[in-house]
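Contents: one structure, followed by commentary.
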Protein chains: 2
Amino acid sequence: MAVTVILDGACYCLGIMSEKQRDLRERTRRAVRNEIAEAANELFVERGFEATTIDDIAAAVGMSQRSVFRYFSSKEEVVLGKFDLVVDDMLAALRARPADEAVWTSLRRVFDVLTSLAEMPGSVRMVEPIHRMVFETPVLLAGYLQKLQHMQDAVVAELMDRAEAAGTPYAADDPTPRALTAAAFGCLVAAQHSWLASGAQGSFTDAVDRAMATVGPRA
Amino acid sequence: MAVTVILDGACYCLGIMSEKQRDLRERTRRAVRNEIAEAANELFVERGFEATTIDDIAAAVGMSQRSVFRYFSSKEEVVLGKFDLVVDDMLAALRARPADEAVWTSLRRVFDVLTSLAEMPGSVRMVEPIHRMVFETPVLLAGYLQKLQHMQDAVVAELMDRAEAAGTPYAADDPTPRALTAAAFGCLVAAQHSWLASGAQGSFTDAVDRAMATVGPRA
DNA sequence: GCCTAGGATGGCAGTTACTGTCATTCTGGA
DNA sequence: TCCAGAATGACAGTAACTGCCATCCTAGGC
């Protein structure tokens, strides 16, 4: 262990690997990751999530099981991993809103990151079946809700920063920012439910708008 | 398979096993289940959830691993299983509210089932550490959020029944009941967060009240 | 007190998700 | 051409489950 640390440190300090090389590796890594995820999603919607093994996925992309796990920390991540990237976009979207905008409005705008993702022309075909799969497979639903919780944590932190920067900080034990955020995300899930229940007709954006119109901050 | 079904059917129809016997079995089953859960929770808070194996739990209660799985379908269920019983209580609490009460108020009262559970004298000692463990262990948090989602499904169905019985049914695609319920449960989680963040001082009930006061239905 | 039906249990083999390790291979830059 | 370091494959190992079968236990009928 000690040896490993020393070696790692030495390599890093010497900076033998160039910036360019690092970028390239990073890009190819992402490409392979996407390739695996796409192949896996085909299998998942075809046979179901639980009926598809990691070995199946590995075979489909011509890799060893071990290598698949080098790209995804778990089977669920193959489906849900994309949401990790979304968090940064959501924070960026939140920071782009005027600091004095009503929190509820800002939260609605944050969800544009998700709606635009769902309405991207390239991925539209798979959006609904995968969506449905997530809500129908217990382990995926659980993982998805947990991701949403992480997003909320990040958003709450950003909201508190924003309030402080605006000179109107929340008290340390004020549940307001967290409650508002949780309510907004609750509306998001409710919108997903009704969108799926309606057979994914109509726009998802509208569903979010309608859900968020029924609830709001008090006074 | 066919044989099994026929045999089961025959046994059931003949009613060989008496009602009393059935009840007794049921009661002892619950007792054993509780015993396992309590022993397991001790181990969980002591060593952590992931560091405790099913074999550890089985050894602690003097059973085989196989038998533990006859009482709990998964390791998470040992911690989260109790919430399955709560659903029925919540529905009963909801039905006990006046049909014309504001939905937000009824939802707040539904949560009394949870707060009273958390403040029961017998279990108070373990409530906070387990609570904390659930929020800090990813797989438990995911499972917990999923249970909350199930509760919401049940509550939404009941709210729709109630509205229909009162002669003011929701439209089929109206997201209102689901959005309100989701917002309320979001407030619940927010309250749990702030309660834990404050070191579990103050009453949990107050935390829920404060969180739910910041959000509400719109006109 | 014996007998029997049917649940409860234990043990064991098997599957799958995942992890650590090591030897090998690939790749871009000097 | 050579080399550093990343990518890969193969293999062994763990832990959460699941199915199966033989055995045991218990409550009720006789």
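- The nucleotide whose nearest atom lies closest to any side-chain atom of A/Arg70 is, among C/dC22, D/dT18, C/dG11, C/dC22.
- The nearest whole Å value for the distance from the CD atom in B/Glu77 to the P atom in D/dA16 is 15 Å.
- Following rounding to the nearest Å, B/Phe72 (CZ) and D/dT18 (C1') show an atom-to-atom distance of 18 Å.
- Salt bridge annotation for B/Lys82-B/Glu76: absent, with no cationic side-chain nitrogen under 4.0 angstrom from a carboxylate oxygen.
- Spacing between atom NZ of B/Lys75 and atom C1' of C/dA17 amounts to 14 Å, rounded to whole angstrom units.
- Listed nucleotides C/dG6, C/dC18, D/dG5 differ in distance to A/Ser74; the shortest reach to its side chain belongs to C/dC18.
- Of the listed nucleotides (C/dT27, C/dT21, D/dA16), C/dT21 has the atom at the smallest distance from the side chain of A/Arg66.
- At least one side-chain nitrogen or oxygen of A/Tyr71 sits closer than 4.0 Å to the OP1 or OP2 atom of D/dT8.
- Between B/His150 and B/Phe83, the ring centre distance reaches or exceeds 6.0 Å.
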| query | Passes side chain to side chain contact (heavy atoms under 4.5 Å, CB included), B/Met63 versus B/Ile36? Steps please. | reply | CA-CA 9 Å; B/Met63 288 180 116; B/Ile36 297 172; 3.9 Å; yes
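- Distance A/Arg29 CZ to D/dG5 C1': 14 Å, rounded to the nearest Å.
- The interatomic distance linking B/Arg25 (CZ) with D/dC24 (C1') rounds to 12 Å, in whole Å.
- Residue contacts shown for A/Ser73 are limited to sugar-phosphate atoms, with no base heavy atom under 4.0 Å away.
- Counting heavy atoms from C-beta outward, B/Met90 and B/Glu158 have side chains that stay 4.5 Å or more apart.
- Between A/Phe49 and A/Phe44, the ring planes are tilted. Angles from 30° to 60° get that label.
- A salt bridge links A/Asp56 to A/Arg47: one of the charged nitrogens lies within less than 4.0 Å of a carboxylate oxygen.
- A salt bridge is defined here as a Lys NZ or Arg NE, NH1 or NH2 lying under 4.0 Å from an Asp or Glu carboxylate O, and B/Glu77 with B/Lys147 meets this definition.
- Protein atom CD of B/Glu26 is 9 Å distant from nucleotide atom P of C/dA8, rounded to whole Å.
- Atom-to-atom, CZ of B/Arg27 to C1' of C/dA8 comes out at 17 Å; the value is rounded to the nearest Å.
- Atom CZ in A/Phe69 sits about 9 Å away from atom C1' in C/dT16, given to the nearest Å.
- Contacts between residues 31-64 of chain B and DNA chain D, defined by a heavy-atom separation below 4.0 Å, involve B/Thr52, B/Thr53, B/Ile54, listed by number.
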